[in-house]
Amino acid sequence: MSNVSTLQSLIGGRWLGAEPHMPLHSAINSSLIYHTHAEKIDFEEAVVYARRTGVPALMQMDFQTRAQTLKALALYLMERKEELYAISNHTGATRPDSWVDVEGGIGTLFAFASMGSRELPSSNVLHEGPAMALGKRGGFAGTHILVPRGGLAVHINAFNFPIWGLLEKFAPSFLAAMPCIGKPATATSYLTEAVVRMMHESRLLPDGAIQLVIGSTGDLLDRLNGADVVTFTGSADTAMKLRSNKNILSNSIPFTAEADSLNCAILGPDVTPDDAEFDLFVKEVAREMTGKAGQKCTAIRRIIVPETQVDAVAERLRERLSKIVVGDPKLENVRMGALASKDQQRDVAERVAMLAKGNEIVYGAGDGFAPLGEGASEGAFFSPTLLLCRNAMDNDAVHDVEAFGPVSTMMTYSGIDEAIELAKRGKGSLVSTLCTKDPMVAARAVPGLAAYHGRVLVLDREAAVDSTGHGSPLPQLKHGGPGRAGGGEELGGVRAVRHFLQRAALQGSPTMLAAVTGEYVRGAAVQESDLHPFRKYFEDLKMGDSLLTHRRTVTEADIVSFGGISGDFFYMHFDEIAAKDSQFGKRIAHGYFVLSAAAGLFVSPAPGPVLANYGLDNLRFITPVAIGDTIRARLTCKRKVDRNRTDERGVGQGVVAWDVQVTNQNDELVASYDILTLVMKKN
């Protein structure tokens, strides 16, 4: 026993734990591999350390520097990934299973680092604009801002993805300047401890940014306040127990749950065994049944197929499942590993027995199940199990009982509306897949499915070329689902960061709104000088630096020349008679001519700090410009984002967004847009 390591918690900046407590066993052969620690955690210390050390340290950074830190951390962990793979083997995961957890988790850090650097400002105030006028004279305006809450995030995770589960929550909360206390499920907490130990050893994170709890959360939830956030992944029963905590309720502490659900896959009524979509469907179902030994919150639990195709689907699935080699993941030919623990093995067996009542077992342990590997008979292996329910509209168990392992139940339907109703019987799920080759079937089914599922995958031969599959949550898209799936949202790009920020309505003069948001608001005070804004380096530019250009009168020759160059001979620009009958009553200039003419008015042509124009945002043509109208432009520095990057020459640069307003001789706004540019730094 002396050779068995005792896991430690990271509390208050130090590692706690020396006395062994609960034994943890390998899922492969039940050998003793770790102990949890017996020392009690002082959760008051953990909370105070997060508030007094973690919050101030994170607030000394801004969104951009936190994004850069995430990227550096991801690079550091990627260099040490093989250490994590070696430990992951004890969870029963194959190399592909571990890839989802290890590199999927690290990849999520990369993804949030990238999204943060592209979409978040160089400050700690995220403007959720645009601002809107609240008065007739332009002196009063309103908008929304998102700011760090000043609290901590408690992330309670499930056993199935000990690394990804922590990192996919840590990344957005870190960007939002919330220190986190991670609490992994005890059964596989040794893998979470390993990655947190690496994160701590990297010295890339500010003090207090992350703490780790091995074992019970004790009275942690009782010590939180309204500035804090709790996230949970696990069973619906545990989610209910935690979210009903008296302190959580009385202080309105945000609680986000992502619970296990009875996800489904539907084979469209248009698909036959001769179609490519039929094989795609069977492959997807088999992959979801056996990947991670079926221990995925997104796994397909209900297989909904036309009653005319049920036998063909069953035959193909039996054939594919019979080829799955189960055993020790270290063996080269093994394709499915073990469940995470013997407790999990017993739980799945009990639930299969419940599902089997009144239904058929199409494939299971009786079909030659014999896991490979030394000591495998003592491991937590479970046979892929496929059941068939022929009366799913009248059978509640198949819609209520989840066996969290390599277990799925086929059920039949007689029309697409019945298939949708069967899908809804899951009472809210994380994901559903519809496999069809008919766009009209998709158009009919998806709205009904979307009301009960957090994500809908429409799978056909075209999507299959690049599809990441039914069970793969992506950082860019929402992960979560309604009803029994928890009602929460994770991932979803910068939306995930917003969940950890506090939204507030902001009212005041445009000048005050601009000062608070760090973003120019129309109507705010501007600074004009003899030096053209395009002649200023990134460091010298200030929000509100502005140029009001000289004027230009639009002529018929301008319109004719632009039409000849662009090839745009739309009647509104060239047909005098037709134009008179239009809503404008006369010929007007091309919108893109107005855009080009405005650029000619404000661009400073000589080489200088402005390196490149890489796009326009929010372009609107508001008032038509006719022959004889006179236009001018106002160019104003709207916002600056310092990404702390250099180009291939080593020249530093930042991103500047410019507000452009084009007006006519009556001071009417004719065009409005933002220009995005790269601007050189002095150094």
Side-chain angles (χ1 to χ4, degrees), residues 10 13 15 50 53-85 87 99 101-124 126 148 152-153 155 162-182 191-212 474-476 491 493-494 496-497 500-501 538 640-648 650-655 678 681 683:
L10 178 60
W15 290 96
T53 302
V55 171
L58 286 167
M59 287 300 293
Q60 287 178 6
M61 311 164 77
D62 60 23
F63 288 117
Q64 285 292 314
T65 51
R66 290 191 292 270
Q68 293 153 25
T69 301
L70 277 186
K71 181 178 180 180
L73 180 64
L75 290 168
Y76 178 86
L77 295 178
M78 192 63 82
E79 290 176 354
R80 299 182 63 180
K81 66 182 181 181
E82 292 303 326
E83 299 173 47
L84 299 173
Y85 275 114
I87 300 170
W99 182 90
D101 192 31
V102 176
E103 295 189 53
I106 298 171
T108 299
L109 294 184
F110 277 122
F112 274 100
S114 176
M115 290 184 286
S117 69
R118 290 195 316 268
E119 301 180 47
L120 297 175
S122 305
S123 70
N124 281 316
L126 178 57
L152 62 102
H155 299 313
I163 294 176
W164 179 85
L166 175 70
L167 297 185
E168 64 101 4
K169 295 176 180 177
F170 168 77
S173 58
F174 179 80
L175 283 175
M178 293 196 89
C180 93
I181 298 176
L191 190 49
T192 310
E193 194 234 36
V195 75
V196 172
R197 196 172 287 276
M198 289 182 184
M199 294 165 73
H200 188 247
E201 290 171 354
S202 75
R203 306 308 305 166
L204 292 167
L205 299 176
D207 292 341
I210 187 167
Q211 298 182 78
L212 174 69
L474 297 172
Q476 300 89 343
L491 303 177
V494 172
V497 182
F500 294 102
L501 297 169
F538 183 82
K640 296 167 55 180
V641 178
D642 187 351
R643 294 182 180 174
N644 292 300
R645 292 180 181 175
T646 58
D647 62 18
E648 62 277 3
V651 176
Q653 56 187 234
V655 176
L678 293 177
K681 293 183 176 180
N683 301 315

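Hydrogens, waters and symmetry mates play no part in the numbers below; they use all other heavy atoms, side chains included.
- Two residues are said to be in side-chain contact when any heavy atoms from C-beta on lie closer than 4.5 Å; F110 and E103 fail this criterion.
- The minimum heavy-atom distance linking L73 with S202 is given by the pair CD1-OG, 3.8 Å.
- Pairing each heavy atom of S122 with each of Q64, the nearest pair is OG-CG, 3.6 Å.
- Contacts of R197 classified as side chain to side chain contact (heavy atoms under 4.5 Å, CB included), with partners at least two apart in sequence or in another chain: Q8, W15, E193, E201.
- Every side chain to side chain contact (heavy atoms under 4.5 Å, CB included) that Q653 has, sequence neighbours left out, goes to L611, D647, L678.
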Problem set entry | Stepwise side chain to side chain contact (heavy atoms under 4.5 Å, CB included) check, V55 with L152 | CA-CA 8 Å; V55 171; L152 62 102; 5.7 Å; no

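- Residues L205 and T69 meet the side-chain proximity criterion, which asks for heavy atoms closer than 4.5 Å.
- From L491, atom CG reaches atom OG1 of T108 across 6.5 Å, with rounding to the nearest 0.5 Å.
- Smallest separation of non-hydrogen atoms from M115 and V494: O-CG2, 4.1 Å.
- One distance of note links CG of L191 with CD1 of I87; it measures 6.5 Å at 0.5 Å rounding.
- For the residue pair A113 and L70, the shortest heavy atom distance occurs at CB-CB, 3.9 Å.
- Q476 meets the side-chain hydrogen bond (donor to acceptor under 3.5 Å, both in side chains) test with no other residue; sequence neighbours excluded.
- Qualifying side-chain hydrogen bond (donor to acceptor under 3.5 Å, both in side chains) partners for T192, counting only residues two or more places apart in sequence or in other chains: none.
- Looking at every heavy atom in both residues, G116 comes nearest to A67 through C-CB, 4.1 Å.
- Judged as a salt bridge (Lys or Arg N to Asp or Glu O under 4.0 Å), and not counting sequence neighbours, the contacts of E82 are R95.
- For D642 (side chain) and G654 (main-chain N/O), no donor-acceptor pair under 3.5 Å exists by modelled atom type.
- Among residues two or more places apart in sequence or in another chain, the side-chain hydrogen bond (donor to acceptor under 3.5 Å, both in side chains) test is passed with K71 by none.
- For T65, the side-chain hydrogen bond (donor to acceptor under 3.5 Å, both in side chains) partners at least two apart in sequence or on another chain are D62.
- Annotation: side chain to side chain contact (heavy atoms under 4.5 Å, CB included) contacts of P148 (sequence neighbours excluded): M59, N124, A177, L501.
- Applying the salt bridge (Lys or Arg N to Asp or Glu O under 4.0 Å) test to K640 and every residue at least two apart in sequence or in another chain returns nothing.
- When the ring pair (Phe, Tyr, Trp, His ring centres under 6.0 Å) test is applied to F112, no partner is found at least two apart in sequence or on another chain.
- Rounding to the nearest 0.5 Å gives a distance of 10.0 Å between CE of M178 and CG of L58.
- Separation of atoms CG (L212) and SG (C180) is listed at 9.0 Å; rounding is to 0.5 Å.
- Once rounded to the nearest 0.5 Å, the distance linking CD1 of I210 with CE of M199 reads 3.5 Å.
- Considering CE of M78 and CG of L84, their distance stands at 10.5 Å, rounded to 0.5 Å.
- In terms of modelled atom types and a separation under 3.5 Å, the side chain of S173 and the main chain of F170 share a donor-acceptor contact.
- Remark: F500 pairs with H155 by the ring pair (Phe, Tyr, Trp, His ring centres under 6.0 Å) rule, at least two apart or across chains.
- Between P206 and M61, the closest side-chain pair of non-hydrogen atoms falls below 4.5 Å.
- When all heavy atoms of L167 and L77 are compared, the closest pair comes out as CD1-CD1, 4.3 Å.
- A search for side chain to side chain contact (heavy atoms under 4.5 Å, CB included) contacts involving E83 returns R80, M198, not counting sequence neighbours.
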